[in-house]
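Notes follow the structure.
Below, chains carry the letters A, B, ... as their sequence lines are ordered, and counting in each starts from 1.
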2 protein chains.
Amino acid sequence: MGLSIGEVAGLASVSVRTLHHYDEIGLLVPSVRTESGYRLYSDADVAMLQQVLFFKELGFPLGEIARIMHDPSFDRLEALTMQRRMLDDKAAQLALMVEAVDAAIEAVKGGVTLSAEDMLEVFGDFDPKQYEAEAEQKWGNTEAYAQSASRTKRYTKEDWQRYKDEAEANGVRMVELFDAGVAPDDPRAMEVADEARLLIDRWFYTCSREMHACLGEMYVADPRFKANYEKMREGLAQWFSDAIKANSARSE
Amino acid sequence: MGLSIGEVAGLASVSVRTLHHYDEIGLLVPSVRTESGYRLYSDADVAMLQQVLFFKELGFPLGEIARIMHDPSFDRLEALTMQRRMLDDKAAQLALMVEAVDAAIEAVKGGVTLSAEDMLEVFGDFDPKQYEAEAEQKWGNTEAYAQSASRTKRYTKEDWQRYKDEAEANGVRMVELFDAGVAPDDPRAMEVADEARLLIDRWFYTCSREMHACLGEMYVADPRFKANYEKMREGLAQWFSDAIKANSARSE
DNA sequence: GTAGACCCTGACGTAACGTCAGGGTCAAGG
DNA sequence: CCTTGACCCTGACGTTACGTCAGGGTCTAC
């Protein structure tokens with residue numbers, strides 16, 4: 001019960017050093033060590049390795065793989081389903097490449113020169129980052145998320161109430177300025193925006209002005225967030241987003 | 001006529017730095033530089049890049065790609081045909097992976113545990129080395145080329161002229177001895193042979209006496225090289241080859 | 001009981017770029 | 001005309017994912 005490192009390496013056609021490396025970086029730590037320090041890989045470890053190798057084939061960096069697989073909400077079935085779709089996509093992209101090679105062969109035979117675009121457009125269609133984003137959304141394990149999760153776990157009911165009060169006070173000030181027709185890049189508007197940022201920073205996760213600017217964009221782009229502001233005042237989402245942008249842009 | 005590095009990078013979805021790197025190692029040196037040092041990529045350069053990226057997709061290391069593509073006997077059509085077959089193989093292997101994912105999904109759903117072998121055997125079927133061997137056999141080229149490429153790319157016109165002068169001086173001494181009827185294993189002949197070896201060593205790539213002996217054989221075996229010597233004096237190719245062999249055979 | 005195959009932990013090397021720093025180039029606009 | 005922003009250059013150091021020893025224990029097999 002448990003395979004040696006050499007056996008696993010042989011089966012998966014990877015080097016022993018590779019498995020050492022995965023152990024070192026905490027990506028795949030074998031569940032058992034013998035008395036004498038030998039690594040032993042259980043069936044579960046082997047299943048993990050399979051996942052890792054699928055992700056790797058799909059171009060995920062090892063750090064990303066580790067984050068995904070160690071997330072508490074990681075689900076093997078979901079991961080496999082996603083991998084299946086990605087492999088299909090990659091196969092489709094490979095088919096495109098075959099077409100491009102055929103086109104190139106025909107061009108050479110016919111003495112024709114293809115355009116630069118025709119020759120190069122097949123590359124880079126397949127971007128792992130596009131999937132990384134999906135994986136991140138699915139298992140939402142950004143650093144910010146981790147921080148937020150570990151902090152809010154310890155929050156009591158009163159904590160939540162205090163946060164709500166502070167957030168509401170901030171919302172009130174926001175609406176006041178909006179109703180008064182104050183421009184989003186007015187110092188007072190930026191002040192309120194920064195207040196909102198610090199709220200996040202104190203209660204959930206480290207939030208720089210830069211990161212807040214990203215959030216600001218989401219507030220208008222994502223209907224779920226937008227609705228939160230729009231139900232207070234129509235046009236408030238955009239106004240607030242602009243205020244955040246102005247706030248993040250100022251020198252210091 | 002000629003695209004900037006940024007344009008090419010954009011079309012091929014690679015970074016500018018990547019193209020810089022390919023230039024540095026002599027894999028893809030753009031055929032034109034503007035007055036101000038800007039790289040300009042011609043249609044031929046773009047076609048080269050396409051080849052490079054196909055090989056890369058197939059897992060070839062860059063050094064290998066450079067060796068293959070810079071070999072004088074390299075043939076674009078042959079390469080494309082080979083790449084087409086390899087891409088097909090890779091697609092087949094990807095299909096196997098999809099099957100493996102499906103099997104894993106079924107296993108999870110059914111609560112079954114697959115054997116380690118079943119889980120891992122799909123990886124590593126696709127070994128670029130198997131193709132590298134084929135490519136090397138086809139375009140047969142050694143490590144020496146990589147060295148030569150990276151050195152010669154920094155050579156100026158004057159460098160080339162100096163090399164030509166030195167090579168010609170060596171040729172003259174060679175012909176003098178040949179005309180005088182000096183035997184190839186005469187110390188003077190061996191001296192000239194060693195001079196020729198050091199020329200290669202200094203200007204292009206590390207060239208031991210042993211390697212030079214191989215080159216010597218090629219000087220008579222390969223008509224392209226043989227012609228170089230034969231046009232100076234009939235029989236010179238063989239004489240020089242023998243001199244090289246004698247030189248490489250002497251103890252030190 | 002010892003040879004040969006396998007395992008361990010450092011530690012340094014390598015390939016293929018990423019990522020600045022510091023500094024020219026160039027077309028568009030004020 | 002000149003300046004500003006997008007683009008280009010050359011170093012040079014950093015990073016990822018291992019490869020490749022060195023030095024030394026472990027474990028069956030004849």
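- Terminal axes of the helix from C:dG1-D:dC30 to C:dG30-D:dC1 (five pairs each, C1' rotation axis) are separated by 10°, to the nearest 10°.
- A:K56 has no side-chain polar atom (N or O) that falls below the 4.0 Å cut-off from OP1 or OP2 of D:dT16.
- Of the residues near DNA chain D, B:S4 and A:L62, the one whose nearest nucleotide (by heavy atom distance) lies more toward the 5' end is B:S4.
- By the salt bridge (charged side-chain N to carboxylate O under 4.0 Å, His left out) test, A:R17 is found to be paired with A:E24, residues two or more places apart in sequence or in another chain being considered.
- A:D43 and B:T113 share no donor-acceptor pair across their side chains, judged by distance under 3.5 Å alone.
- The shortest side-chain heavy-atom distance between B:L19 and B:Y41 falls under the 4.5 Å cut-off.
- Interface limits on DNA chain C: the 5'-most and 3'-most nucleotides within less than 4.0 Å of chain B heavy atoms are C:dA16 to C:dC26.
- Not one N or O on the side chain of A:T18 forms a donor-acceptor pair closer than 3.5 Å with the backbone of A:V14.
- Residues from residues 39-54 of chain A lying near DNA chain D, meaning a heavy-atom separation below 4.0 Å, are absent.
- Contact detail for B:L94 and A:E57: the closest heavy-atom pair is CD1-OE2, 3.8 Å.
- B:A100 and A:Q50 get closest at one heavy-atom pair: O-NE2, 4.3 Å.
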All N/O contacts under 3.5 Å from nucleotides 4-6 of chain D to the protein, with atom names and distances to one decimal?
none

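- Put simply, the side chain of B:H21 reaches to within 4.5 Å of the side chain of B:L62, judged on heavy atoms.
- Nearest heavy atom pair, residue B:G26 against residue B:V29, reads CA-CG2, 3.9 Å.
- Listed by residue number, the members of residues 15-36 of chain A with any heavy atom below 4.0 angstrom from DNA chain C are A:R17, A:H20, A:R33.
- For the atom pair CE (A:M97) and CG (B:L58), the distance works out to 8.5 Å, reported to the nearest 0.5 Å.
- Residues B:F74 and B:I68 form a side-chain contact, since some pair of their non-hydrogen atoms from C-beta on lies under 4.5 Å apart.
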